[in-house]
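Counting begins at 1 with the first residue of the sequence. Both ligands and their constituent atoms are indexed starting at 1 by order of listing.
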Amino acid sequence: MSRKALLQYLEMLQTSGIREFYPAPDEKAELLSELAQKYANCQNCALAQGRANLVYGEGNAHSRLMLIGEGPGEQEDKSGRPFVGAAGQLLDKMLAAIQIQRSEIYIANIVKCRPPGNRNPLPEERLACLPYLVEQIEIIQPQFLLIMGLVAAQTLLGNTESLGWHRLKVHSFMGIPTYVSYHPAALLRNPQWKHPAWEDLQFFQKAFKA
Ligand code: URA
């Protein structure tokens with residue numbers, strides 16, 4: 001039921017593309033920070049009960065690139081900031097390898113609150129949270145999306161394909177060219193995937209730096 005609702009929402013997003021709503025460039029950062037405050041006490045799904053902090057997202061509101069992860073872990077929940085734990089440290093290195101500093105880009109997650117025990121977010125939790133991500137994309141208007149990991153890829157692209165199927169392809173979300181690679185936490189657990197992840201990053205870099 002809720003997966004069906006998620007797919008219906010995705011279909012609506014695909015056909016509508018990015019909304020004709022352009023905040024003035026100098027208002028983007030302020031708008032994002034107002035929305036982060038507005039949603040800090042969100043009760044739209046059960047994840048609210050277990051959170052210390054809602055992790056809205058952070059970074060450069062004018063970035064050409066938005067990086068999208070799955071959801072906060074323990075360190076992110078404590079600090080209220082995305083990708084600050086071990087996976088975040090690896091993410092910084094992955095970005096540095098393709099000459100991108102974390103401060104240049106905007107980073108957000110599919111769900112803004114930590115799932116208990118770091119389980120995958122449920123379809124109803126993803127659906128409840130997705131409008132926040134869509135709104136962030138509408139404000140920032142990035143030219144590229146880089147999705148980290150299978151859960152985020154399947155959620156935004158509305159499929160149940162493998163990570164291998166998603167990589168080295170240019171997808172589209174809300175009309176924006178979208179790339180997929182391994183989640184850094186998965187790379188920490190499976191170092192043999194670091195080589196294919198490097199291929200993915202180079203594939204993305206070619207388009208991003210063109
Ligand atoms: N994993 C994610 O997907 N997002 C974070 O913010 C941290 C870990």
Side-chain angles (χ1 to χ4, degrees), residues 6 32-33 35-36 39-40 42 44-48 50-61 63 65-97 100-137 140 142 144-157 162-163 166-167 171 173 178-191 193-194 196-197 200-201 204:
L6 182 58
L32 288 167
S33 104
L35 292 170
Y39 302 142
C42 174
N44 288 353
C45 82
L47 295 181
R51 76 168 170 240
N53 287 292
L54 183 142
V55 181
Y56 181 69
E58 67 177 25
N60 175 6
S63 179
L65 169 62
M66 246 182 102
L67 185 137
I68 301 172
E70 177 179 326
E74 187 180 8
Q75 297 304 318
E76 290 77 20
D77 178 60
K78 275 189 190 151
S79 65
R81 298 182 52 214
F83 281 104
V84 290
Q89 284 165 24
L90 178 55
L91 177 65
D92 289 351
K93 289 187 193 152
M94 291 163 72
L95 291 171
I100 296 175
Q101 302 295 312
R102 161 194 283 252
S103 56
E104 287 171 48
I105 65 168
Y106 194 89
I107 302 182
N109 284 306
I110 298 284
V111 293
K112 313 295 194 209
C113 298
R114 184 190 181 199
N118 296 344
R119 66 157 168 73
N120 291 345
L122 302 173
E124 57 266 33
E125 295 160 352
R126 300 178 209 182
L127 180 63
C129 218
L130 209 46
Y132 293 158
L133 181 68
V134 168
E135 189 176 50
Q136 287 169 308
I137 293 172
I140 296 165
F144 295 89
L145 299 178
L146 179 56
I147 299 180
M148 308 312 287
L150 183 60
V151 170
Q154 289 180 338
T155 304
L156 293 189
L157 302 175
S162 66
L163 193 95
H166 284 95
R167 33 187 311 266
H171 305 273
F173 181 68
T178 299
Y179 295 72
V180 176
S181 189
Y182 295 84
H183 193 288
L187 296 179
L188 290 172
R189 291 191 301 268
N190 302 280
W193 292 343
K194 283 191 181 169
D200 298 341
L201 292 174
F204 165 71

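- When atom types are taken as modelled, the side chain of T178 and the backbone of F173 share a donor-acceptor pair closer than 3.5 angstrom.
- In terms of N/O distances under 3.5 Å, ligand 1 is approached by F83.
- At distances below 3.5 Å, not a single donor-acceptor pair connects side-chain atoms of R114 with backbone N or O atoms of G50.
- Listed by number with element, the atoms of ligand 1 under 4.0 Å from a non-hydrogen atom of H183 are 1 (N), 2 (C), 3 (O).
- Nearest to atom 4 (N) of ligand 1 among the protein's heavy atoms is N109 OD1, 2.8 Å.
- Atom CZ of R167 has more than 12 heavy atoms from other residues, nucleotides or ligands within 6.0 Å.
- Remark: ligand 1 atoms within the under-4.0 Å shell around heavy atoms of E70 are 2 (C), 3 (O).
- If you look at M148 next to ligand 1, there are no close heavy atoms at all, none under 4.0 Å.
- Of all atoms in ligand 1, listed by their number and element, those nearer than 4.0 Å to a heavy atom of G69 are 3 (O).
- Under a 3.5 Å cut-off, the side chain of N109 and the backbone N or O of E70 do form a donor-acceptor pair.
- For the pair R51 and E76, the salt-bridge criterion is not met [side-chain N within less than 4.0 Å of a carboxylate O].
- A heavy-atom separation below 4.0 Å is not found between Q75 and ligand 1.
- No donor-acceptor pair closer than 3.5 Å links the side chain of E124 to the backbone N or O of A46.
- Counting heavy atoms only, G71 comes closest to atom 5 (C) of ligand 1 of the residues G85, A185, G71.
- Of the N or O atoms in E76, none lie within a sub-3.5 Å distance of an N or O in ligand 1.
- Contact annotation for P82 and ligand 1: heavy atoms of both the backbone and the side chain come within less than 4.0 Å of the ligand.
- No side-chain donor-acceptor contact under 3.5 Å links Y182 and N190.
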